[in-house]
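Heads up: the structure comes next, in C-alpha cells.
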Protein chains: 2
Amino acid sequence: MATIYQVSELAGVSLATVSRVMNNNARVSEATRNKVLAAMDQLGYRPNSIAQSLASNRSNSVGILVSELHGPFYGEMLSGIENECRAAGKHVIIAAGHSEEASEIDGIEFLISRSCDALILHVEAVSDDYLIKLAAGNIPVVLINRYIPQLADNCICLNNELGGYLATKQLLQQGHRQLAYIAGPMWKSDAKDRYAGHLRAMAEYGATFNPALFAEGDFQDSSGSACMQQLLDKKLPFTALVCANDEMAAGAMEVARQQGLQVPEQLSIVGFDNLILARYIHPKLTTIDYPIGEMGRMAARWVLKHIYQQQTLTLKNVFEPALVCRESACAR
Amino acid sequence: MATIYQVSELAGVSLATVSRVMNNNARVSEATRNKVLAAMDQLGYRPNSIAQSLASNRSNSVGILVSELHGPFYGEMLSGIENECRAAGKHVIIAAGHSEEASEIDGIEFLISRSCDALILHVEAVSDDYLIKLAAGNIPVVLINRYIPQLADNCICLNNELGGYLATKQLLQQGHRQLAYIAGPMWKSDAKDRYAGHLRAMAEYGATFNPALFAEGDFQDSSGSACMQQLLDKKLPFTALVCANDEMAAGAMEVARQQGLQVPEQLSIVGFDNLILARYIHPKLTTIDYPIGEMGRMAARWVLKHIYQQQTLTLKNVFEPALVCRESACAR
DNA sequence: TAGTATGATGTAAGCGCTTTCATTTATAGC
DNA sequence: GCTATAAATGAAAGCGCTTACATCATACTA
C-alpha cells in the first residue's frame with residue numbers, strides 16, 4: 001500500500017502539499033496539483049482513513065442505534081440515513097438496542113467507543129435525563145421519534161397527533177359515528193399523541209366518545225388480536241376501528257375475520273405507519289403514512305450540517321403524516 | 001479525554017505496561033495490573049479506538065454490503081451479523097448496493113476505503129471474476145447467498161435445490177399432480193436451483209411436468225401477479241402453485257382471489273423465504289424457511305475465526321431450508 | 001529600487017497507541 | 001553465594017496523516 005511519503009517523493013513535493021491536494025482545502029498551483037495527482041494515480045494511492053481520522057480528530061462516521069435491525073420500519077430509516085451519509089463520504093456504524101434500557105446504553109457506549117462523530121438514536125427505554133446528559137457531552141446526538149423539549153432542536157418527529165386525527169377523520173367523513181380505538185402502550189408519547197388526535201377528530205365531528213370502545217395494546221399484532229376480541233366480547237356496536245399501528249390492525253382484522261365480520265363492509269379498519277405489510281394483508285389496509293425513510297434522511301442531514309458544516313442543507317424537525325386510502329375502510 | 005500517558009503517569013508505569021493491561025496480551029504482575037486499572041478508573045480512561053487501529057493496523061470493523069437496507073430479508077441478516085460481531089467487540093459498517101453492478105462496486109470500494117478488516121457481501125450484479133479478484137486481494141471476503149466454486153470456503157449458502165424440492169414435495173404428498181411454477185429470474189443461481197428442486201420432486205413422484213405451466217417472474221410481487229394471470233389465461237388445469245419466493249406468491253394469491261379462486265380449497269400455493277409477510281397474508285402462506293439470520297451469524301463467525309483468530313468457532317457453509325406449513329396449501 | 005501583500009510550498013511536531021528489543025527484577029537450582 | 005532462566009517492565013520507534021507556522025517566490029505600488 002502506497003503512503004503519502006511515496007506520493008510526495010514521486011511528485012517531488014512535500015507531504016503537506018500532497019495532503020492539500022488530497023483534501024482540496026488550500027491553494028495549490030495547477031501544475032503542482034497535476035504532479036501530485038499523477039503520482040497518486042501511478043502508485044494506486046489510497047488514503048488510510050484511519051490515519052486521517054487520528055490526525056484530524058474526526059472519524060467521519062455516524063453511529064446509529066435502533067431498536068432492532070430487522071423489521072420494515074427500521075430498514076427504511078437505516079436506508080435513508082446510509083444513503084445520505086454515504087453521498088457525503090461518511091460511513092455508518094450500526095448497533096441494536098432491543099428496546100431495553102441496559103442494552104440501549106450498552107449500544108450507545110459501544111458507538112461512543114468507536115469515536116463516532118455523531119449519534120442518531122431511535123431509542124425507547126432510556127430516560128430523558130440520560131439523553132439530556134448525553135447530548136450535553138462531547139458527542140452530538142439526534143433523536144428520531146423521540147421528543148424531549150430540552151433537546152427540541154435535536155429531535156426529528158412525526159406529528160402523531162395529526163396522524164391520529166387523520167385516521168379518525170377519514171372514518172368520520174365516511175359516515176361512521178361509532179368508532180372503537182386500539183391504542184399503543186400509553187406510556188409511549190407516540191401512542192398518547194395518536195390517541196389525542198383521535199379524540200380531537202371525534203370531538204370535531206360531534207361523535208360521542210365511548211370509553212368502553214377503547215383498548216390498550218402493545219403495538220404487536222397479537223395485542224391487536226386480543227384487544228379486538230375484548231372489544232367484540234363487550235357486544236357494543238361499532239362500525240369502524242382505528243388502530244394505533246398497522247401490526248395491531250392486522251391482528252384485529254384476523255380476529256374480525258374469525259368472528260365472521262366482513263371487512264370493510266361490516267367493519268372498517270384504519271391502521272398507522274404504512275408498513276409494507278399493509279399492502280399484503282387482505283383487504284389492503286387503509287393507513288397513515290409515516291415517512292420514516294425521509295426522517296432518517298433528515299437526521300443524516302442534521303448531522304452533515306451541524307458536524308460537517310454543510311450549510312446548504314435546510315432542516316425540518318417535524319414531519320407530517322398522510323392518509324393512504326386502500327380497501328379496509330369504506331363508507332357506512 | 002484521558003490518554004495512555006496520563007494513565008501511565010498516575011499508575012507510575014510505562015506506556016507499554018498500560019497497553020499490556022488494556023489488551024491483556026502479555027504477562028503483567030497482579031500488583032502492577034491493579035495499579036493501572038485503578039488509574040484508568042480514576043481518570044475515566046477510554047481508549048481511543050482510532051489510535052488503536054492505526055497502531056495495530058487493524059480497524060476492528062466488518063463491512064457489510066447488502067442489496068437494500070430496507071426489506072425483511074436483509075434486516076434479519078444484518079441483525080445476525082451485528083449481534084455476533086458486537087459480542088466480539090467489532091463494529092459493523094453498512095452500505096447498500098441496490099443490485100446494480102456499478103453501485104455494488106462503489107459500495108465495496110467505499111467499505112475498502114474505510115479499512116474494514118473483512119467484507120461480508122450479499123451481492124448479485126457483480127461478476128464472479130470481480131469477486132474472485134477481490135478475494136485474492138488484501139481484504140478477506142465472505143459471500144452470502146452467492147456460490148462461487150473457486151471461493152467455496154468463503155461462501156455461505158442455502159441449499160436452494162432442496163428448498164425447491166421440499167416446496168413441491170409437500171404439494172405432491174398432498175395429492176396434487178398438476179402443478180404450476182412461478183420462477184425467479186433464471187439468470188440467478190438461486191432461482192435456477194429452486195427450479196431444479198421442483199423438477200426433481202416432480203420426477204420423483206412421477207408427476208408430469210408441463211412447460212406451459214411455467215412462468216418466469218423477477219421475485220417482485222407484481223411479477224407474481226403477472227405470471228399468475230398468464231398461467232390462468234392459458235386455461236390449463238392446475239390445482240397447485242409453487243412460487244420461487246413469498247412476494248411472488250403474495251402477488252399470485254391476489255390475482256387468484258380476483259379471479260374467484262378459493263385458496264387453498266381450489267388452488268394450493270407454496271412460497272419460499274418465510275418472510276414476515278407470509279404470516280400476514282390471508283390465508284397464511286405455507287412456505288420454505290430461509291434461515292437468513294443464522295446465515296448472517298455464520299458469516300460473522302467466519303470473519304471472527306479467520307481474521308480475529310477465534311478458533312473455538314465451528315463453521316458451516318451450507319444451510320438447509322425447512323418447510324413451514326401454514327394455511328395456503330391443503331390436500332387435493 | 002525597496003517595501004508590502006499575496007500566493008504557494010516546506011518543515012516540524014504531533015494525533016494516541018502498539019510492539020519490538022533492551023533492561024531490570026525475581027526465582028530456582030547447584 | 002553464584003549462575004542461569006524466567007518474569008516483568010521500560011525505552012524508543014513508528015503507524016499514516018494533518019496542520020500551524022515558517023519560508024520562499026512573485027506581483028504591485030510608492
Side-chain angles (χ1 to χ4, degrees), chain A residues 1-40 43-61 89 112-117 138-139 308-309, chain B residues 1-40 43-61 89 112-117 138-139 308-309:
Chain A
M1 304 301 278
T3 67
I4 198 171
Y5 297 87
Q6 288 162 303
V7 175
S8 74
E9 272 188 17
L10 186 59
V13 300
S14 73
L15 299 180
T17 297
V18 177
S19 186
R20 287 184 189 108
V21 170
M22 189 168 31
N23 294 290
N24 202 24
N25 62 1
R27 283 187 197 260
V28 179
S29 76
E30 205 61 33
T32 300
R33 176 183 304 275
N34 289 336
K35 279 196 299 185
V36 172
L37 293 175
M40 283 180 178
L43 291 167
Y45 174 67
R46 202 194 288 266
N48 181 323
S49 61
I50 294 175
Q52 288 179 314
S53 296
L54 182 61
S56 65
N57 193 31
R58 170 140 295 175
S59 72
N60 293 307
S61 68
I112 290 172
S113 80
R114 300 294 132 153
S115 312
C116 295
D117 294 330
N138 298 323
I139 179 162
Y308 301 115
Q309 268 82 49
Chain B
M1 304 296 278
T3 68
I4 198 170
Y5 297 90
Q6 288 162 300
V7 175
S8 75
E9 270 188 23
L10 185 61
V13 301
S14 71
L15 300 181
T17 297
V18 177
S19 186
R20 288 187 188 106
V21 171
M22 186 169 32
N23 294 292
N24 204 24
N25 62 0
R27 285 187 197 259
V28 179
S29 76
E30 204 59 32
T32 301
R33 176 182 304 277
N34 289 336
K35 278 196 297 185
V36 172
L37 292 175
M40 283 178 178
L43 290 168
Y45 175 67
R46 201 192 292 262
N48 181 324
S49 60
I50 294 174
Q52 287 179 316
S53 296
L54 182 63
S56 64
N57 194 30
R58 170 139 295 177
S59 72
N60 293 303
S61 68
I112 290 173
S113 81
R114 301 293 132 156
S115 311
C116 294
D117 295 330
N138 298 324
I139 180 162
Y308 303 114
Q309 268 82 50

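Each chain gets a letter, A, B and so on, in the order the sequences are listed, and its residues count up from 1.
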**OP:** Check side chain to side chain contact (heavy atoms under 4.5 Å, CB included) between A:A55 and all other residues, then give those that pass, not counting sequence neighbours.
**Re:** none
Expected rows: protein N/O vs nucleotides 5-8 of chain C N/O, under 3.5 Å:
residue, atom, partner, partner atom, Å
C:dG7, OP1, A:R27, NH2, 3.2

**OP:** Take the C1' atoms of the five end pairs on each side of the helix from C:dT1-D:dA30 to C:dC30-D:dG1, derive the two axes, and give their angle rounded to 10 degrees.
**Re:** 40°
Original post:
First contact, last contact: which nucleotides of DNA chain D are these for chain B, 5' to 3', heavy-atom distance under 4.0 Å?
Top reply: D:dA7 to D:dG16
Original post:
Okay, side chain of A:S59, backbone of A:S115: is any donor-acceptor separation there less than 3.5 Å?
Top reply: yes
**OP:** With heavy atoms under 4.0 Å as the rule, sort B:N57 into base, sugar-phosphate or nothing.
**Re:** nothing
**OP:** Quick one: list whatever passes side-chain hydrogen bond (donor to acceptor under 3.5 Å, both in side chains) with A:S56, sequence neighbours left out.
**Re:** none
**OP:** Using side chain to side chain contact (heavy atoms under 4.5 Å, CB included) as the criterion, list what pairs up with A:E9, not counting sequence neighbours.
**Re:** none
**OP:** With sequence neighbours left out, write down each residue that passes side chain to side chain contact (heavy atoms under 4.5 Å, CB included) with B:I4, or none if nothing qualifies.
**Re:** B:L15, B:V18, B:S19, B:M22, B:Y45
Original post:
After noting the C-alpha distance and the side-chain angles of B:V21 and B:K35, does the key distance pass the side-chain contact (heavy atoms from CB on, under 4.5 Å) rule?
Top reply: CA-CA 10 Å; B:V21 171; B:K35 278 196 297 185; over 6 Å; no
**OP:** Kindly write out the residues that satisfy side-chain hydrogen bond (donor to acceptor under 3.5 Å, both in side chains) with A:R46, not counting sequence neighbours, or none if the list is empty.
**Re:** B:E109
Subject >> Nucleotide C:dA12, atom P - distance to OH of A:Y5 in whole Å >> reply: 13 Å
Polar atoms only, N or O, under 3.5 Å: list the protein pairs with nucleotides 19-21 of chain C and their distances.
none

**OP:** Name all pairs fulfilling the salt bridge (charged side-chain N to carboxylate O under 4.0 Å, His left out) condition that reach into residues 21-32 of chain B, sequence neighbours left out, sorted by first residue then second.
**Re:** none
Subject >> First of A:G12 and B:M22 reached from the 5' end of DNA chain C, by closest nucleotide >> reply: A:G12
Subject >> Spacing of CG belonging to B:L54 relative to CG belonging to A:N48, to within rounding of 0.5 Å >> reply: 6.0 Å
Original post:
Using a cut-off of 4.0 Å on non-hydrogen atoms, how would the nucleic acid contact of A:V13 be classed: base, sugar-phosphate, or nothing?
Top reply: sugar-phosphate
Subject >> Residues in side-chain hydrogen bond (donor to acceptor under 3.5 Å, both in side chains) contact with A:T17, at least two apart in sequence or another chain >> reply: A:S14
Original post:
Between atom OG1 of B:T32 and atom CG of B:L37, what is the distance when rounded to the nearest 0.5 Å?
Top reply: 10.5 Å
Original post:
Listed by chain and number, what are the side-chain hydrogen bond (donor to acceptor under 3.5 Å, both in side chains) partners of A:R20, not counting sequence neighbours?
Top reply: none
Original post:
To the nearest 0.5 Å, how far apart are CD1 in A:I50 and CG in A:N60?
Top reply: 12.0 Å
